[in-house]
Amino acid sequence: MVAAAWDGAAVRTWLERRVAAARADQVTAERRGRDRQDDCDQAAAEEMVCAALLRSGASDSQDSLTAALKALQAEDEFIWRGIYDDRKFDRHARGQIRKLMKMAKTNTGFERLGHYQ
């Protein structure tokens, strides 16, 4: 089995779509009230990680994306707007980073552009 070539444009598109989906999920969670605060924190964590990668331009190569993810992972704490529980937000952000590290390492999953993954 031959590994697919890295497609930076596809990764950027995937990141942009995930930011948009995360923002929509935050709005939905906000409308549902206190019961969905964890869902809002989870969506905010996904938005924060994907937006940071988009801003850094790290999607051009597999190595640069992995390096950017490692730099994010090395941070002590994450600061973002509109979160309810810092501890849970931090856990969700680290989980999102791990998910993206696995995707970057195997170069899979970036072709799935649906809202729900």
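For the atom pair Asp90 CG and Arg94 CZ, the distance stands at 4.5 Å (nearest 0.5 Å). Note that CZ of Arg32 is 14.5 Å distant from CD of Gln37, once rounded to the nearest 0.5 Å. Expressed to the nearest 0.5 Å, how far CD of Glu111 lies from OG1 of Thr13 amounts to 12.5 Å. Taking NZ of Lys99 as the start and NE2 of His92 as the end, the distance is 13.0 Å to the nearest 0.5 Å.
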- Can you list the steps and then say if Asp39 with Asp25 is a side chain to side chain contact (heavy atoms under 4.5 Å, CB included)? CA-CA 8 Å; Asp39 293 345; Asp25 289 345; over 6 Å; no
- Item | Verdict with reasoning, Leu100 to Leu65, per side chain to side chain contact (heavy atoms under 4.5 Å, CB included) | CA-CA 9 Å; Leu100 285 169; Leu65 184 63; over 6 Å; no
- Item | Steps toward side chain to side chain contact (heavy atoms under 4.5 Å, CB included) verdict (Asp7, Val11) | CA-CA 6 Å; Asp7 185 1; Val11 174; 5.8 Å; no
- CA sep, side-chain torsions, deciding dist, call: Gln73, Arg98, side chain to side chain contact (heavy atoms under 4.5 Å, CB included): CA-CA 8 Å; Gln73 196 172 33; Arg98 282 191 302 275; 4.1 Å; yes
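Of the possible donor and acceptor atoms, none in the side chain of Arg12 sits under 3.5 Å from a partner among the backbone N and O of Leu54. Between the Asp41 side chain and the Tyr84 main chain, a donor and an acceptor come within less than 3.5 Å of each other. Distance alone, capped at 3.5 Å, is enough to place a donor-acceptor pair between the Gln62 side chain and the Lys105 backbone.
The shortest heavy-atom contact between Lys88 and Asp38 is CD-OD1, 3.3 Å. Among all heavy-atom pairs drawn from Phe89 and Ala44, the shortest one is CE1-C, 3.6 Å. Closest non-hydrogen pair, Met48 versus Ala93, comes out as CE-CB, 3.8 Å. The two residues Cys40 and Glu30 come nearest to each other via the heavy atoms SG-OE2, 3.2 Å. For the pair Ser64 and Asp60, the tightest heavy-atom approach, listed with the atom from each and the gap, is OG-N, 4.1 Å. Pairing each heavy atom of Cys50 with each of Trp14, the nearest pair is SG-CZ3, 4.3 Å.
By the ring pair (Phe, Tyr, Trp, His ring centres under 6.0 Å) test, Phe78 pairs with no residue at all, sequence neighbours left out. Applying the side chain to side chain donor-acceptor pair (under 3.5 Å) criterion to Glu47, with sequence neighbours excluded, gives Arg23, Gln26, Arg81. Residues forming a side chain to side chain donor-acceptor pair (under 3.5 Å) with Asp85 (at least two apart in sequence, or on another chain): none. With sequence neighbours excluded, the residues forming a side-chain contact (heavy atoms from CB on, under 4.5 Å) with Asp86 are Ile83, listed by chain and number. Among residues two or more places apart in sequence or in another chain, the side-chain contact (heavy atoms from CB on, under 4.5 Å) test is passed with Lys102 by none.
Residue pairs meeting the salt bridge (charged side-chain N to carboxylate O under 4.0 Å, His left out) criterion with at least one member in residues 64-80, sequence neighbours excluded, do not occur.
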